[in-house]
Every structure is written in C-alpha cells, then in structure tokens.
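Below is one structure; the comments refer to it alone.
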Amino acid sequence: MNKKCKLLLVSSMVVTALFLSACSNSTSKVTMEHVHGLGYSSDGKQILIPAHTGLVSFSDGKWQNVDAPKNDYMGFIAVDNGFYSSGHPGAGSDLKNPIGIVKSSDMGKTLTKLDLEGISDFHAMTVGYKTHTIYVFNEQPNPKMKSAGLYYTKDDTKTWNKAEMNSFSGEPLTMATHPSDDKVIALGTKEGLYLSKDAGIHFEKLLSQLVVTSLAFSNNGDLIVATANSQSMLQLNLSSKDKKDIKLPTLDKDDALSYIAQSPKDSNEIAIASFKKDVFISKDSGSSWSKIADKGIGITQK
C-alpha cells in the first residue's frame, strides 16, 4: 500500500469513528463514583446528584459536573431554595472533617455552616422541602445529642429536639419528611415502613415484612415507597389510604432503589437511582422510563 492510500485509509477511519460517536447514544464525561442522594433544582430544570467528589447535574439531556467545591456530600436533600447536606470536605477545602450540617442556595458554590462541624456526619437525614425542618438519626452521642436516636430542629440547628419514637423498632435505612407538614415523618427499615404524624413521638407500622430501601414525599404529600425485590413503587395517600403502583424499569436482580425524587415543577416527572448507580427518569408518572446513567456513567440523551 502506497503512502497516499494509507493516508486515505486513516482519514476514512477517523471520519467513521467521529460519525459513530456523534450518532450513538454515547456516555458523557460525568462519572459518579457514588450516588449519595437525588434531587431537583428549585426551578425543576436540573436533576442533582452528590457523586462523592462534588455535585453532578442532568439537564436538557446532558450531564455536567457542577462548578462548585468538590465536597463529599452525604444525607443530601434538595429544598425549595437550595439544599442541605452532611458529609466530608473535598480536597483543598477549609471545612473540618466531617462537615456536620451545611446548607447552600447557590448549587454548593458557598456553604453556610449550621452545626456539628468536625463532630458528626449524618447519612440518615431528611429536610422538609418547604418547612426546612431537619430530621437526623444520630448513631452515637455528641455535644448536642446526648444519646442515639431521632432528632429534629425547626430553626436551622439552633435548638434540637429528641423524638420519643414510641412503637418504633429497628434502625432506619431511609427517611423522608412531608414537604409542608413537618410533624409527618416516615422511616423505612429492614422490617417495614413506619409513619409518625406527631414529629416522631408515636409511630404506626404501615407495611410489615418488607425491606424499605427508599422513601420520598410527592409534591402533594403522597408517600412514595420503594422496597427490595419489587417491580414497582407504592404511592400512598396518607389521608384516604388510597394506593397506586408505579411500575419500575428493569433493574439487576440484586439491585434496588436507593433514592427517589419528583420534579417540583412537573408532578409527572420522577427520577430514581439504584444502589448500583443506575439512574432513570420518567416524564409520564412512571408509564415509561429513560435510562440516563448506567453503573454511574452518565448517558447523554438524543
């Protein structure tokens, strides 16, 4: 093969590769080492995920790394004006480890330190979307919480209250609080689903003999429940007790949902994430799903 033919062959191979790359449903450069939460920006335009080394977002069919300090956010909860979180500081941060509880209204560019910096990291944490009441399950005593258990604060951690947790047993795997009624909190365990309507004083067991892996409240206050080894989520109206199944996309046999979020601007739009870091989005209340991340690799949509 002469030199001219070789150049033509190489050029053809390059053009073909570029064409296939442009036409395929290719993955982006966003890689999620972990998925430590799931939420929407307050305008509903972005899905947000704390991915061990900072936040990543999905919007208009594309993933991107959020331009903010790369903290390892745990217990991440999106609210109507930003997010709350716990976790650990990223490289170069001046935050103490662990970061305690922080909040941000600008996608993490700046953080307001609230409490327990350098003392506690809360994985089991939830915040009311509109009320901003914070609930945490504390695993060991600290200067603000004299014993293990469920605590809540209505004033951004200035004062903490311990919930009595009557009729509750086990340890929470997941938790969620109502968007506008901060007395309503749900806890999921290996044994089932518990609900309190008095800020954790008393609990009622709503589901038994099920491993509850993820919980979320919808915009209208329905409780959405995901359990292990199930092909659907349960949407439960707490007033009428009406139940609705939301069909799930196909997951690996040993996988389950870790997080659920509903768009604050479009109640038909739901995002879900699994323990194996698969992420899906539905824009028709779960009738159909689009996979937007596969094992932590972001997928660009056409």
Side-chain angles (χ1 to χ4, degrees), residues 25-32 34-71 73 75-85 87 102-112 126-132 176-180 214-222 224 233 235 246 248-249 257-274 277-294 296-302:
N25 190 24
S26 62
T27 56
S28 73
K29 294 182 180 179
V30 168
T31 300
M32 291 166 268
H34 298 293
V35 173
H36 288 158
L38 178 69
Y40 278 84
S41 58
S42 57
D43 60 9
K45 294 181 179 180
Q46 298 183 73
I47 295 172
L48 304 174
I49 291 179
H52 188 68
T53 52
L55 290 174
V56 299
S57 72
F58 180 81
S59 179
D60 295 326
K62 298 179 181 179
W63 287 94
Q64 64 179 353
N65 293 291
V66 174
D67 184 18
K70 307 301 182 184
N71 297 307
Y73 294 114
F76 174 93
I77 299 291
V79 296
D80 58 0
N81 66 349
F83 71 81
Y84 286 75
S85 192
V102 298
K103 69 176 182 178
S104 177
S105 59
D106 58 3
M107 300 285 281
K109 291 182 175 62
T110 56
L111 295 174
T112 299
T126 187
V127 186
Y129 187 79
K130 295 178 180 177
T131 66
H132 299 180
T177 186
H178 193 283
S180 57
S214 185
L215 294 170
F217 276 95
S218 69
N219 299 334
N220 68 357
D222 286 356
I224 304 175
M233 297 185 292
Q235 184 168 339
I246 302 174
L248 291 174
L257 292 194
S258 54
Y259 298 102
I260 308 164
Q262 185 182 54
S263 167
K265 297 300 183 182
D266 182 357
S267 294
N268 292 317
E269 184 173 325
I270 308 170
I272 56 175
S274 79
K277 300 180 291 184
D278 288 344
V279 184
F280 299 84
I281 184 173
S282 173
K283 296 191 176 183
D284 52 16
S285 300
S287 295
S288 62
W289 295 91
S290 297
K291 194 172 192 179
I292 59 174
D294 181 61
I297 305 298
I299 301 172
T300 299
Q301 303 295 294
K302 293 182 180 179

- Item | Counterpart residues, side-chain hydrogen bond (donor to acceptor under 3.5 Å, both in side chains), relative to S41 (two or more places apart) | D43

- Task: Tell me, yes or no, whether the heavy-atom count around K265 atom NZ, taken from other residues, nucleotides or ligands under 6.0 Å, exceeds 12.
- Result: no

- Message: Go through it in stages, so that I can follow the logic: the residues are N268 and K283, the test is side chain to side chain contact (heavy atoms under 4.5 Å, CB included), and I'd like the CA-CA distance, side-chain angles, deciding distance and then a yes or no.
- Response: CA-CA 5 Å; N268 292 317; K283 296 191 176 183; 5.9 Å; no

- Message: What verdict does the side chain to side chain contact (heavy atoms under 4.5 Å, CB included) test give for V35 and Y259, after you've listed the backbone C-alpha separation in whole Å, the side-chain angles of each residue and the deciding distance to 0.1 Å?
- Response: CA-CA 9 Å; V35 173; Y259 298 102; 4.0 Å; yes

- Query: Given P50, which of N71, V66, L55 fulfils the side chain to side chain contact (heavy atoms under 4.5 Å, CB included) condition?
  - Reply: L55

- Under 4.5 Å between any side-chain heavy atoms of V30 and N65, yes or no? yes

- Message: Please determine whether side chain to side chain donor-acceptor pair (under 3.5 Å) holds for the pair N219 and S267, giving the CA-CA distance in whole Å, both sets of side-chain angles, and the decisive distance to 0.1 Å.
- Response: CA-CA 7 Å; N219 299 334; S267 294; 3.0 Å; yes

- Query: Which value, rounded to the nearest 0.5 Å, describes the distance between Q46 atom CD and K62 atom NZ?
  - Reply: 13.5 Å

- Rounded to the nearest 0.5 Å, how far does CD1 of I49 lie from OG of S57? 9.5 Å

- Query: Roughly how far, to the nearest 0.5 Å, is CG of D278 from CD1 of I297?
  - Reply: 11.0 Å

- What orientation do F217 and H178 show, parallel under 30°, tilted 30 to 60°, or perpendicular over 60°? tilted

- At what distance, to the nearest 0.5 angstrom, does CD1 of I272 lie from CE of M233? 5.5 Å

- Partner set under side-chain hydrogen bond (donor to acceptor under 3.5 Å, both in side chains) for K277, not counting sequence neighbours: none

- Any side-chain heavy atom of Q301 sitting closer than 4.5 Å to one from I299? yes

- Task: Could you grab the distance from atom CD of Q235 to atom OG of S218, nearest 0.5 Å is fine?
- Result: 5.5 Å

- Query: Given I281 and I47, is the side chain to side chain contact (heavy atoms under 4.5 Å, CB included) satisfied, shown in steps?
  - Reply: CA-CA 9 Å; I281 184 173; I47 295 172; 3.7 Å; yes

- Query: Taking everything shown except D67 itself, do over 12 heavy atoms lie less than 6.0 Å from its CG?
  - Reply: no

- Message: Strictly distance-based, threshold 3.5 Å: is any side-chain N or O of S105 a donor or acceptor partner for the main-chain N or O of N81?
- Response: no

- Message: If you count every heavy atom of other residues, nucleotides or ligands that lies below 6.0 Å from K130 atom NZ, does the total exceed 12?
- Response: no

- At what distance, to the nearest 0.5 angstrom, does OG of S288 lie from CZ of F280? 12.5 Å

- Message: Quick one, Y84 with V79, criterion side chain to side chain contact (heavy atoms under 4.5 Å, CB included). Give me CA distance, side-chain angles, the key distance, then yes/no.
- Response: CA-CA 7 Å; Y84 286 75; V79 296; 3.9 Å; yes

- Message: Ring-plane angle category for H34 and H36, please: parallel below 30°, perpendicular beyond 60°, tilted otherwise.
- Response: parallel

- Message: Between Y40 and Q262, does the side chain to side chain donor-acceptor pair (under 3.5 Å) criterion hold? Intermediate values first, please.
- Response: CA-CA 7 Å; Y40 278 84; Q262 185 182 54; over 6 Å; no

- Item | F83 vs L111 side-chain heavy atoms within contact, under 4.5 Å | yes

- Are any of the side-chain heavy atoms of W63 and M32 separated by less than 4.5 Å? yes

